[in-house]
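Everything on this sheet refers to the single structure shown next.
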Amino acid sequence: MLEFNNSTPLTMGVELELQIVNRRDYNLTRGSDDLLRVINKTAHGHDVKPEITESMIEIATSVHTDHQEMLTELKEIRALLVAAAQKLNLGLAGGGAHPFQHWEDQRIYPTERYKLVSELYGYLAKQFTVYGQHIHIGCPSGDEAIRLSHLLARYIPHFIALSASSPFYQGVDTTFHSSRLTSINAFPLSGTMPFVCDWEAFNAYFNKMAQLKIVASMKDFYWDIRPKPEYGTVEIRVCDTPLAIETAVALGAYAQTLAGHFFAERALQPLQETYLTYTYNRFQACRFGLGGTLIDAAGGAQTTIQDDILRTLQMLADTAADLGTAEALDYLRQRATAGVSDAGWLRACYARSGSLNDVVRQQSAAWMAVA
Amino acid sequence: MTTPASFFPAWPHTLNVLTATGVILILGLLGAHLLRRLFPQVPAVTGYVLTGMLIGPAAFNLINVSLLNDIRLVVDLSLGLVLFELGRRVDYKWLLREKGLLITGVALSSVTFVALFALLLQFGIDKVIASMVAALGMATSPAVILSVVREVRAEGQVSERMLNIVVIGNALAFVVFSMGVAAVHMEYQAGWKSYVLHPIYLLIGSILLGALMSRLLLWIGRLLGRDSQTQLILVLALIAATVGIGAMFNLSALIALLTFGIASRFRDAGYAIVEPDLSQFTSLFYVALFVFAGANLEPTHLRTLWPAALAFIALRLAITVCLTTALAHLNDLPLRKGALLGFGLTPLSGFNILLVQHAVGFYPAFGTQLSALVAAVLIILQVVGPICTRIALVAAGEAKR
């Protein structure tokens, strides 16, 4: 039986996977070891970890209720990382995928788990050199976590479109806003959680999968949204790492506000139909970003993702005022209204300079806030 | 008088330049391949050098001395490519920001110079020669380091710092060596113009040439746009021109091309030049370069000069490893990686031969003495050096697994 460590509702934390690039041609470079060595020379109390390939580094915030405090913490972590990167002449960048790296050049970080993953998944492991943002929202119980996961599923296209920042992959314009999610589809345990209604049913499913020896822990599920029993949270995993930490924080606040709304509106119940349109809506968000179509499974209405986001932000106004997230939501509203996205920004960079190397240079300058 | 037979050429006595180039490339590849079969860990460079020694004047004389002179053109161009590439790898802004690395590079060069100079005096070698050989000892081979870094696809702090230290060492070696040349002028009473103006002319002229070329590259590059094929041709053309102009005006190709590479990168604010991928060409030129270097080695000097040569190598290695280990924390490296950084710097610049030949050009008697000692040192380091670099990069965990 998986133990759900109940946590304070509506607490949140985000994890960001970052690109490590060289300053010569701005390709990915192995640097996580060297960076960690410099950072860990002094006690900093922040959570900075290696990821599956050596050109990735992951940062995580501590648990917050106030997104402003989360931004402050992220700025501290950024300052720490930027100082170390300057010392080592490395660049750090947001963005869901590196525009022109070749997956076969990537090196698996030498830990037991990553070696096993690499052995099992072969080239998929190296293709997994993509960079995402994970958002954790605290839940009071396992049952609440299951309910929240299902209720959030309808809004997944919002998170994809608002964070999409991987239009280029392996040196070409993919025509997608987020190409990153497509590389996750290839994993056998990707997709969504089955439609179970409470923590007990979820455990029955997990135990069955464990008995069948398909999974050993929750880590083996690469779902878009999954309960994280150790932390007592629901984890949204569809976001590309945005180009700036401000966007990452706003997305966290958006998830927090949505969760606040769902926790308060007890009448809302998960609908299995949500999953009928789930993958189609998800594709639309990846492919067309804010301009994609969203089909509401319950009512059958078709809107653009942009309109659906604006309507949802409207709906959340009261909750946002209560939670103090109005300002963060306003930031997202402005971007959505103007049709501004990181993917669009990257394409504009490329249109101006014609060089993907230069795109990464600018993307790195943007993340390191040295532009 | 014409007979049908006269349509056929006379049986050639020696190979011509193009045939020799072909032979050098093919035998170099075969030699490296064979060595790889026997010792998979040995870098290709060592294979090329050994092949060169075999087919050069020292052994089978397939490539004789006059041919070696004839193919200098190809070799100069190869070196040009290597130095330009190395220049592109150097981020002078990083060097200014990361003082620890700059200090390491300068300290390494100065201590090595002083120690080697003192050592050579112990062996009763003439002061001026000693100072020039000691100066050459400061310069780690850019070609060897770049080619091994490429071969094992090394990435990380040890590799990056190694490349930057190589540039610092070569630049300083050049300055000190030119001062040595000035001293030779003095010894041969060439008049003040020679010993004052010559080094200044060399240094300033070469830097100006490199700066000019970098301006040209950016200027024409912006005009032509970002097509990578076009840019590649442009880069190659300007490298060839730099080498050529350097030769015409008796300037230093080393300084000119390093300047060219460095300046073309940091002047390029708008990133007009996409990082030129010279690897297709450099791998070809590496073969030519190192087989040539091998063919130029003269083992005869080793018979008489081996104690001095061995002492030279041992002292140089000891100083380098001790210093980089001691300064490891300045470079944010663990002690072990600091030591590996020093160990990797073992290869001695084959360029030295060219510098020495340049010196020989002025005063043959003097140059012969000098080149004998350098040759004795080089013959060992050309073979062993690349292996050290490879071991260092692999042990530092920076080679691609």
Side-chain angles (χ1 to χ4, degrees), chain A residues 20-42 53-55 82-91 100-102 104-110 114-115 118 126 171 349-365 370-371, chain B residues 85-101 152-161 163-164 221-222 224-228 231 261-262 264-266 268-279 328-334 336-337 393 396-401:
Chain A
I20 306 174
V21 296
N22 72 41
R23 294 256 179 95
R24 187 162 42 87
D25 61 359
Y26 288 88
N27 202 343
L28 288 179
T29 189
R30 66 165 285 281
S32 51
D33 254 354
D34 294 325
L35 266 175
L36 284 168
R37 198 189 127 73
V38 173
I39 291 168
N40 293 335
K41 268 185 168 177
T42 49
T53 57
E54 290 186 311
S55 52
V82 166
Q86 297 282 22
K87 236 177 141 19
L88 302 175
N89 209 25
L90 295 168
F100 61 88
Q101 57 103 2
H102 287 291
E104 78 273 16
D105 289 339
Q106 301 313 316
R107 309 168 191 205
I108 301 295
Y109 192 88
Y114 292 143
K115 274 185 205 156
S118 167
K126 287 190 176 182
C349 278
Y350 183 66
R352 269 197 310 274
S353 73
S355 153
L356 286 177
N357 308 66
D358 193 53
V359 171
V360 185
R361 184 181 66 79
Q362 297 195 40
Q363 162 178 3
S364 167
V370 290
Chain B
E85 224 189 327
L86 186 66
R88 292 285 298 190
R89 284 260 190 167
V90 169
D91 189 340
Y92 93 109
K93 285 182 193 148
W94 186 37
L95 276 178
L96 291 183
R97 202 170 58 227
E98 180 67 356
K99 298 274 185 324
L101 177 56
V152 301
R153 298 166 85 180
E155 279 176 19
Q157 287 301 303
V158 173
S159 324
E160 289 301 317
R161 282 168 201 265
L163 288 164
N164 279 275
R222 282 189 197 121
L224 289 174
R226 281 188 207 262
D227 178 62
S228 61
Q231 289 200 349
I262 296 172
S264 71
R265 181 174 155 184
F266 81 80
D268 191 7
Y271 220 82
I273 302 300
V274 179
E275 190 58 33
D277 182 16
L278 300 171
S279 57
H329 69 281
L330 266 186
N331 289 292
D332 285 301
L333 293 172
R336 183 172 161 275
K337 284 196 182 180
L393 292 175
E398 300 200 347
K400 191 168 192 280
R401 276 177 280 271

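Every chain is numbered from 1, with letters handed out A, B, ... down the list of sequences. A quick note: this is a predicted structure, and the numbers were derived from the prediction, not measured. These numbers come from the heavy atoms of this one structure, side chains and all, not from hydrogens, waters or symmetry mates.
- A distance of 9.5 Å separates CG in A/Asn89 from CG in B/Leu101, rounded to the nearest 0.5 Å.
- For the set B/Arg161, B/Glu160, B/Glu398, the count of heavy-atom pairs under 4.5 angstrom toward chain A peaks at B/Glu398.
- Side-chain contact between B/Lys400 and A/Arg30: absent, with no pair of heavy atoms (C-beta onward) separated by less than 4.5 Å.
- With sequence neighbours left out, A/Phe100 forms a ring pair (Phe, Tyr, Trp, His ring centres under 6.0 Å) with A/His98.
- In this structure, no portion of A/Ile20 lies under 4.5 Å from any heavy atom of chain B.
- In this structure the side chain of B/Gln157 reaches within 4.5 angstrom of the side chain of A/Leu88, judged on heavy atoms.
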Start with the C-alpha distance between A/Glu54 and B/Glu155, add both sets of side-chain angles, then the distance that settles side chain to side chain contact (heavy atoms under 4.5 Å, CB included), and finish with yes or no. CA-CA 10 Å; A/Glu54 290 186 311; B/Glu155 279 176 19; over 6 Å; no
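- At a threshold of 4.5 Å between non-hydrogen side-chain atoms, the residues A/Gln86 and B/Lys93 do not count as touching.
- Looking at residues two or more places apart in sequence or on another chain, you find no salt bridge (charged side-chain N to carboxylate O under 4.0 Å, His left out) involving B/Arg97.
- Contacts between A/Asp105 and chain B at a heavy-atom distance below 4.5 Å involve backbone atoms as well as side-chain atoms.
- Here B/Asp332 pairs with A/Lys87 in a salt bridge; the nearest charged N to carboxylate O distance falls below 4.0 Å.
- Interatomic distance, A/Asp34 CG to B/Lys337 NZ, rounded to the nearest 0.5 Å: 5.0 Å.
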